[in-house]
Amino acid sequence: MTLWGHSANYLGKRHSLDDHLRGTGRRAAQNARPFNAGELAHHLGVLHDVGKGACDWQDGLLRAEGTGGRVGIPHKHAGTWLAEQQGLDVFSGVVFGHHGGLPSLSRLKDELDLAEGKLKPQVDEAIDRVSKIVPEILTGPGFPDWIERSEDPMAVDVLVRMVFSAVVDADFLDTAEHFDARPRPVHPVTAADLVGRFEKARQAMLTDAPDSPVNALRREVYDQAVTGARGPVGLYRLPSPTGSGKTLSAAGFALHHAAANGLRRVIVAVPFMSITEQNAQVYRGLLDQSGHIPVVLEHHSGIDLDNPTQVVSPAEQWRRLAAENWDSPFVVTTTVRLFESLFSNRPTAVRRLHNISGAVLVLDEVQSLPDHLLLPILSMLRTLTEYFNVTVLLASATQPAYGNLQVVRDLPVHDLIPQPERLYKALNRVRYQWWVSPKPTPRHVAERAAAQRQCLVICNTTAQAAELHTLMEQHRAPDDSEVWHLSTRMTSEHRKRHLDEIRKRLAAGDSVRVVSTQLVEAGVDLDFPVVFRAFATAEAMQQAAGRCNRNGHLTEGEVIIFDIDGWEKPATRIYGPALGVTQEYFGPGRAFPDDITVMDAYYTERFARAGVEAMGATIQDRREKSDFPQVADLFRMIDEHTVPVVVPHSTEDEGEQQECRRLIQQLRVGVQGSADLLRRLRPYIASLPKALVRKHADLTSPVLGDLVEWLGDYRPQRGIELSDSKEYVF
């Protein structure tokens, strides 16, 4: 009798088990070929559903067919046990975890004990029946040659993750092809194919650019990046001061490097969603062409990609499918999505990892990587460059001294800018002033800032920003324009409206004064003649300076670093030991934040004092012990001190408010597709400290998980504001 792998599709055709096992194996081998693990991935793909050969499972499939119900009979143990018997050890977890996630070794042992005991008759029956139609399940594979030679203690960890990705994606695709009754095509374009298109579009973009000293330096940076692209696969650095054209130079390097080394795709990861959207828009303008299949995939939690019921264009349908496994030659995502996928054990998150192999990985604003996770992050990047044919580009105006950390100290690094000091000096467009002794009061800062025609004030906390904004509103002239505000207490849609108006006023030369938290410091394209910055870490102060005289219209912009008495405690809670190290290296009589030589010494001391390599030791230990669930639990980049708060009344549009409330209600009652509903709510979500939400439980209503609805007031200037919020940092 025929063994079935899946129930009938809409054409009434069932999916035979032998076709599914071999189809999954074939796709898995293709997925794993870039890291020379095709044979191993093929075999695990063939094994993954062997348990479906048992009579009970086959009967269950026929009973469930047409009902929409589940078979309800475990089918993972037979293939897992067979893989273990063939000496695949930890890799047998790939079979067991292909639905629920990679298990720990202790969990895997328990499940193998079940396969040897209670489930033994079912396991033996399934293997016997499937081996008659797919005899290759009985022949174990070889391991990649390089894994035997590797001295990297994390090589097995990453190989398991990559093979798991290759098998899971193959399973998804083969199953989808059956139920859709049509093949899922692979993207026909690679990153190497895009070089000519990029260069032509870039030249057209620069046609009207004035022949200024700044633009000449931008061309020099770009030329150096492209020249360096001829180098081998490995680790590269692009120290590029703000305003030097880093976005284009990084992309130019990545595409030319892909062409020179036969790499398949470029993945650009940035720390904040606002930068993701901004950069993706630039890259789409350069690379996507009307009438052709899109090549730029923007993938983050703010993009609606997964609603299967919504009628969409072919281009949007491509984006949704490509987001599942990053099957696109140019991907723009967030560092959170990238690294939490790399350290996850869940099939849907890990599914795209195999497509990182053979890619150029651009980490923009790399100084934003959290200190406490640097050890596992840098370890992962090292393994990817050494064994998975990945080039990593670290791009930042404030390049951290990662090379001094033991985990990558002996790893060769290629610097794209051979003399960065000269470049930083040539592109220095601001002068710094220290306003720290005697320390000013909030009123002093507000009065001085309110007297400026155009200025940006950046604070360390939302409470500080709200305080200065209130004071500046009091000190502005009655006939002058309002003072603008930006913080995470406002919804993203509200912040976007403010940013659009601020940019419009700056372009028109109108008076505009803005008070913001640090959210404007990385990648937000604003250009003020004067910037006030509360004392913070060196890289934060330099990033703030990047919003001053950004385009070089003035001979010099003015950056005023102020230190208000009483503001030290919240700053220390945010920045930790890094703030104390900053005070030792930067300030009156010491260096300015744009001194990159001193910046290198600052990072070295900061990492040493914080004990960066000890901070991630627990994760590394769990990785060596193949405890995949524990690693996923420990590796958290998102700030867990805050919770998302959805605010329907943050928009003045009554139709949007009603739609927002409808989506909230659907989440509460458990309508299918919650991930899509959350994405659609994203524009109306702000952040609040967990403790503050607990304290004001009467002003919130639970929605789903940590998400709550805000029932309290929402101000059109500053968003959510509570009188007792000063005690909270975030």
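Every value quoted in this text rests on a predicted model; they were computed, and no experiment measured them.
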Show which side-chain atoms of residues 89-101 pair as donor or acceptor with protein atoms under 3.5 Å away, not counting sequence neighbours.
from, atom 1, to, atom 2, distance (Å)
Ser92, OG, Asp89, O, 2.6
His98, ND1, Val95, O, 2.6
His98, NE2, Asp49, OD1, 3.1

All salt bridge (Lys or Arg N to Asp or Glu O under 4.0 Å) counterparts of Arg668, not counting sequence neighbours: Glu709

Which residues share a salt bridge (Lys or Arg N to Asp or Glu O under 4.0 Å) with Asp627, sequence neighbours left out: Arg622

Closest non-hydrogen atom pair, Met637 against Pro370: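 Smallest interatomic distance, heavy atoms only, reads CE-CD, 3.7 Å.
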
Shortest non-hydrogen contact from Asn261 toward Val233: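 Scanning both residues completely, I find the closest heavy atoms to be OD1-N, 3.8 Å.
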
Between [X] and [Y], is there a side-chain N and carboxylate O pair less than 4.0 Å apart?
X	Y	result
Glu125	Lys120	no
Glu324	Arg352	no
Glu659	Arg680	yes

Selection residues 96-107 - residue pairs positive for salt bridge (charged side-chain N to carboxylate O under 4.0 Å, His left out), sequence neighbours left out: Arg107-Glu111

Residue pairs involving residues 7-16 (criterion salt bridge (charged side-chain N to carboxylate O under 4.0 Å, His left out); sequence neighbours excluded): Arg14-Glu65

The criterion is side-chain contact (heavy atoms from CB on, under 4.5 Å); which residues satisfy it with [X], sequence neighbours excluded?
X	answer
Gln86	His43, Leu47, Leu82
Lys132	Asp128
Glu624	Pro153, Met154
Val71	Trp57, Leu61, Ile73

Set of side chain to side chain donor-acceptor pair (under 3.5 Å) partners for Trp81, sequence neighbours left out: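 Residues passing side chain to side chain donor-acceptor pair (under 3.5 Å) with Trp81: Glu116.
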
Test side chain to side chain donor-acceptor pair (under 3.5 Å) applied to Lys109 - qualifying residues, sequence neighbours left out: Asp113

Is there a donor-acceptor contact under 3.5 Å linking the side chains of [X] and [Y]?
X	Y	answer
Asn9	His15	no
Gln620	Arg623	yes
Thr190	Asp193	yes

Contact check, side chains of Val295 and Asp288, non-hydrogen atoms, under 4.5 Å: yes

Option among Arg184, Arg27, Arg351 that satisfies the salt bridge (Lys or Arg N to Asp or Glu O under 4.0 Å) test with Asp169: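 Output: one option passes, namely Arg351.
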
Heavy-atom donor-acceptor pair, His20 side chain to Trp4 backbone, under 3.5 Å: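 Between the backbone of Trp4 and the side chain of His20 there is no qualifying donor-acceptor contact (under 3.5 Å).
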
Side-chain (Ser131) to main-chain (Ile127) donor-acceptor, under 3.5 angstrom: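 Looks like yes, one N/O pair under 3.5 Å.
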
Inter- and intrachain pairs under ring pair (Phe, Tyr, Trp, His ring centres under 6.0 Å), touching residues 153-174, at least two apart: none

